[in-house]
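Reviewing the structure listed below.
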Amino acid sequence: MVSKIKLTLLSVVVIVVFFNLPFYKTWVKTRLFSEENNIATQLSQMSREERMINRFGNSYKVLKDLTANFHRLQTAEPVLLLPPQGFVNDKKVENLLIPEPAIFYYFTGYKAVWYDSPDVYRATLALEFASDDRIFLKRIKSPQELNQLLLQYRQYKLDL
Amino acid sequence: MNFTGLFFLLLMQFVAGRGILQLFRLKLLAVAMVCFALMCGGCVVSFAPFIVQALGLPLIDLHMYYCITGLTALCAIPLALQRKTLKAPRFVWPKLYEAPFLVVFATLAVVSVWRCFYLPMTPRDMLTGTELIAEFAVKEGTLVSSIYNGIDLRMAPAHNIFKSPFMTGMQVVYKLLVQPFGQVWLSVYAVCFSVWLYSVIRERVHPVIAGALMLLLLCAPDLFSYSYIVMYDYMSMVFFFSAFYFLTRYLESGRSNELAWVSLLFGIAMYMRSETIIFQALFLPALLYRFVKDKVGALQIILRIGVYMVGCLAFQYLSGALMRAFIPVPLSLHGMVNTNPAEIGIVFTKAADIAQQLIFWKKGVWIFGYLYYAFLGVLAIDIVWPRSFSREAKMSLLGIAVVYAGLAFMCYFFPFIVIQNTIKRGLFRMFPILVLYMASSGAVQRLSGLLKKWEGA
């Protein structure tokens with residue numbers, strides 16, 4: 001029995017030494033029990049939407065808020081022309097990552113296109129960025145308007 | 001969270017998996033039996049959405065319950081037929097001094113399981129593939145959903161929709177029966193695999209050493225992250241290592257049921273990631289060496305190699321058939337496969353890159369922790385003293401070499417592969433083998449012997 005108790009103490013020593021090695025100490029603090037993954041906080045945010053916002057952040061929330069108004073537009077098939085990330089960055093919009101069309105559909109249930117999509121001419125909506133950081137939905141009224149947007153967007157590379 | 005659905009699935013997975021294990025007549029300890037039953041049963045459950053869809057029924061929870069019950073009943077036939085020969089497997093209770101390690105492992109498991117449950121799926125590979133298919137399959141009641149209609153979502157060029165039907169099946173089932181994000185099936189695999197691996201290591205070395213080795217593995221940062229983030233590589237590692245472990249056993253015992261079991265496990269690993277066949281093929285020389293050494297006849301060798309490979313080929317065919325049936329987008333491999341096979345030098349260049357850019361990379365510790373350093377340290381000690389390598393240690397070194405070479409060959413066959421992504425996760429296959437090597441190393445065995453002697457004194 002004495003040897004078993006000594007071995008139990010040895011196990012504790014091994015564990016303490018292990019988690020005091022510089023790397024594992026940092027890992028436990030910054031990754032394993034990090035602030036952003038605090039279970040107590042997460043327990044107070046249990047709905048599906050809260051969990052989605054916790055994970056995907058502001059971008060998800062903005063896109064969901066914008067598409068919540070799609071039904072008011074009375075467009076047969078609302079299709080959003082997604083701006084390239086570089087364009088959004090140049091507009092000094094902070095904290096907004098533009099997803100690719102498939103992920104946009106996963107988030108919102110609405111279809112979107114990139115400027116290089118074969119279906120780009122079916123785009124009916126675009127995003128407009130005001131100088132005060134607000135984002136609006138804009139209806140694309142004519143092929144000329146769409147072409148103007150495409151001309152602007154094509155100056156930027158599409159990054160995943 | 002629907003706990004009734006979760007309990008139903010765990011029960012069905014266990015019964016179905018137990019039936020499959022019975023079919024192979026494997027002699028396993030209780031822990032291994034329960035873990036493999038749950039893991040194999042999961043593969044059976046993953047077929048349910050495809051069967052329901054093939055029957056022309058909508059994908060709803062009721063149809064899933066019926067289909068999974070039917071599949072389980074089918075898999076339980078061997079249990080019913082051999083019920084008189086069934087024996088309760090042996091269970092080894094943990095000792096007092098394992099308690100501190102078990103508390104740490106349980107803490108890690110709680111964090112992992114919680115994140116797996118709480119957080120939605122994040123990797124792009126999933127959101128533009130498996131998760132997208134599963135989410136809309138559940139919303140619309142069909143695998144051929146609106147994601148394929150109208151506006152092109154550019155899914156085909158990313159190729160993610162053509163990956164692992166297993167994940168799609170599991171996501172649909174767990175979304176319908178357990179919780180909106182599905183996913184918690186990964187925790188079942190992560191926990192079962194870790195528990196089984198601990199039992200394997202514990203059989204070889206003193207439990208205190210086994211605990212320390214498991215700490216090294218479970219605290220490898222990337223491996224821990226992928227125990228709650230669904231991707232193909234963690235799952236592939238689970239079945240690849242299981243297949244490797246039983247291959248080692250087969251090479252010692254020569255029992256044909258173990259060879260068939262190895263074939264099935266490699267097949268399931270293939271069902272997760274199709275490049276498994278490269279790794280499996282690289283083990284062929286070891287098999288041939290054994291057969292020649294045992295003076296096995298040419299016809300028998302061909303037959304045994306056939307058995308060894310049939311699982312992988314069958315699952316490859318099955319995956320292809322499921323994709324053709326339920327993904328209405330043609331698969332194009334244009335630009336993905338190496339069209340210049342003469343460029344074999346790529347294999348060596350990429351092998352060097354893997355070492356340089358991952359294993360010995362300054363920031364590599366944030367991926368692997370000190371796992372590689374521990375392995376290299378033990379190997380160096382073994383080479384200097386005691387210079388005795390058991391058969392299992394040699395086999396583990398072969399396994400490590402096979403994974404390393406296999407990853408370099410992957411880069412050769414598929415030039416688009418990014419070392420910092422695909423290969424980084426591909427190295428997971430090596431992690432449990434590193435731990436198995438350390439457990440069977442001559443130096444660690446002697447240390448373990450000393451501890452056991454001291455404990456017994």
Side-chain angles (χ1 to χ4, degrees), chain A residues 1 3-19 21-24 26-28 31-33 37 39 42-43 45-48 51-56 60 77 79-80 99-107 109-114 116-120 122-123 158 160, chain B residues 1 95-104 107-108 110-112 114-115 117-122 124 126-129 131-132 135-136 139 146-147 149-155 158 160-161 179-181 206-209 211-212 215-216 219 221 224-225 365-366 369-370 451 454-457:
Chain A
M1 191 62 194
S3 63
K4 286 195 172 37
I5 292 169
K6 282 181 182 172
L7 281 168
T8 309
L9 288 173
L10 178 65
S11 298
V12 173
V13 170
V14 169
I15 292 165
V16 170
V17 169
F18 182 86
F19 285 112
L21 292 171
F23 166 73
Y24 289 110
T26 317
W27 178 71
V28 168
R31 303 278 173 92
L32 192 63
F33 299 120
N37 275 313
I39 294 181
Q42 288 173 339
L43 275 168
Q45 299 166 339
M46 289 297 289
S47 75
R48 188 183 192 278
R51 288 154 73 184
M52 289 292 277
I53 292 167
N54 267 351
R55 190 58 158 173
F56 296 108
Y60 174 80
E77 189 188 14
V79 178
L80 182 70
E100 59 191 289
I103 297 178
F104 182 83
Y105 192 55
Y106 174 75
F107 281 172
Y110 289 102
K111 300 250 172 150
V113 286
W114 267 337
D116 67 344
S117 164
D119 293 315
V120 71
R122 290 169 69 180
L158 287 168
L160 292 176
Chain B
M1 177 99 161
K95 294 187 173 140
L96 172 71
Y97 50 77
E98 290 177 84
F101 284 109
L102 296 181
V103 169
V104 175
T107 309
L108 291 169
V110 167
V111 174
S112 171
W114 170 258
R115 288 183 190 174
F117 157 75
Y118 183 83
L119 300 169
M121 231 183 240
T122 323
R124 174 183 176 258
M126 289 290 154
L127 295 182
T128 59
E131 172 64 359
L132 186 70
E135 178 72 10
F136 285 89
K139 276 183 184 163
S146 60
I147 61 171
N149 303 335
I151 303 287
D152 179 15
L153 291 175
R154 310 288 296 268
M155 297 175 301
N160 293 325
I161 52 169
Q179 68 134 349
F181 298 146
H206 191 277
V208 174
I209 299 175
L215 262 189
L216 272 171
C219 296
F224 180 74
S225 299
V365 73
W366 278 101
Y370 293 152
L451 274 175
W454 180 72
E455 187 189 350

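Just so you know, these numbers come straight off a predicted model, no measurement behind them. Side-chain atoms are counted along with the backbone in the values below, which use heavy atoms only and exclude waters and symmetry mates. Note on naming: letters A, B, ... go to the chains in the order of the sequence lines (proteins, then strands), and numbering restarts at 1 for each one.
Within the 4.5 Å cutoff, no side-chain heavy atoms of A:Arg31 are placed close to those of B:Phe224. Using a 4.5 Å cut-off on side-chain heavy atoms (C-beta onward), A:Phe19 and B:Val104 make contact.
Between the side chain of A:Arg48 and the main chain of B:Phe181, no donor-acceptor pair closer than 3.5 Å is present. The backbone N or O of A:Ala102 sits nowhere less than 3.5 Å from a side-chain atom of B:Thr128 that would complete a donor-acceptor pair. When atom types are taken as modelled, the side chain of A:Lys4 and the backbone of B:Lys95 share no donor-acceptor pair closer than 3.5 angstrom. Here the side chain of A:Asp119 pairs a donor or acceptor atom with the backbone of B:Asp152 at under 3.5 angstrom.
Residues B:Val111 and A:Phe33 share a closest heavy-atom pair of CG2-CE2, 3.8 Å. Here the shortest heavy-atom pairing between B:Arg124 and A:Ile103 reads CG-CD1, 4.3 Å.
Only the side chain of B:Leu108 comes within less than 4.5 Å of a heavy atom in chain A; its backbone stays farther off. Only the side chain of A:Arg122 has a heavy atom closer than 4.5 Å to any heavy atom of chain B. Only the side chain of A:Phe56 comes within contact range of chain B, with heavy atoms under 4.5 Å apart. In this structure, chain A has heavy atoms under 4.5 Å from both the backbone and the side chain of B:Glu131. Residue B:Leu451 touches chain A through its side chain alone, counting heavy-atom pairs closer than 4.5 Å. Both the backbone and the side chain of A:Tyr105 come within contact range of chain B, with heavy atoms under 4.5 Å apart. Contact annotation for B:Ser225: neither backbone nor side-chain heavy atoms come within less than 4.5 Å of a heavy atom of chain A.
Interface check for chain A: of the options B:Val365, B:Val103, B:Val208, the most heavy-atom pairs under 4.5 Å are formed by B:Val365. Taking chain A as the reference chain and counting heavy-atom pairs below 4.5 Å, the highest number among B:Asn160, B:Leu215, B:Leu96, B:Leu132 is found for B:Leu215. Among the candidates A:Leu9, A:Val113, A:Asn54, A:Val28, the residue making the largest number of heavy-atom pairs closer than 4.5 Å to chain B is A:Asn54. For the options B:Gly150, B:Pro100, B:Cys219, B:Pro207, heavy-atom pairs under 4.5 Å to chain A are most numerous at B:Cys219. Interface summary for chain B: among A:Leu21, A:Leu43, A:Ile39, the most heavy-atom pairs under 4.5 angstrom belong to A:Ile39. Among the candidates A:Val12, A:Val14, A:Leu32, the residue making the largest number of heavy-atom pairs closer than 4.5 Å to chain B is A:Leu32.
Here the straight-line distance linking atom OG of A:Ser11 with atom OH of B:Tyr97 works out to 8.5 Å at 0.5 Å rounding. How far CD of B:Glu98 is from CG of A:Leu7: 10.5 Å, rounded to the nearest 0.5 Å. Taken to the nearest 0.5 Å, the CG atom of B:Leu119 stands 11.0 Å off from the CE atom of A:Met52.
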Exercise for the section: Verify side-chain contact (heavy atoms from CB on, under 4.5 Å) between B:Leu153 and A:Phe104, making sure each step is shown before the conclusion. Expected result: CA-CA 9 Å; B:Leu153 291 175; A:Phe104 182 83; over 6 Å; no

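Residues A:Tyr106 and B:Glu135 bring no donor and acceptor atom of their side chains to less than 3.5 Å of each other.
When each of A:Tyr24, A:Trp27, A:Phe23 is paired with B:Trp366, the ring pair (Phe, Tyr, Trp, His ring centres under 6.0 Å) condition holds for A:Phe23 and for no other.
Relative to the six-membered ring of B:Tyr118, A:Arg55 misses at least one condition, a distance below 6.0 Å or an angle of at most 45° to the axis.
By the neighbour-count criterion of 12 heavy atoms within 6.0 Å, atom NZ of A:Lys6 is sparsely surrounded, having that number or fewer from other residues, nucleotides or ligands.
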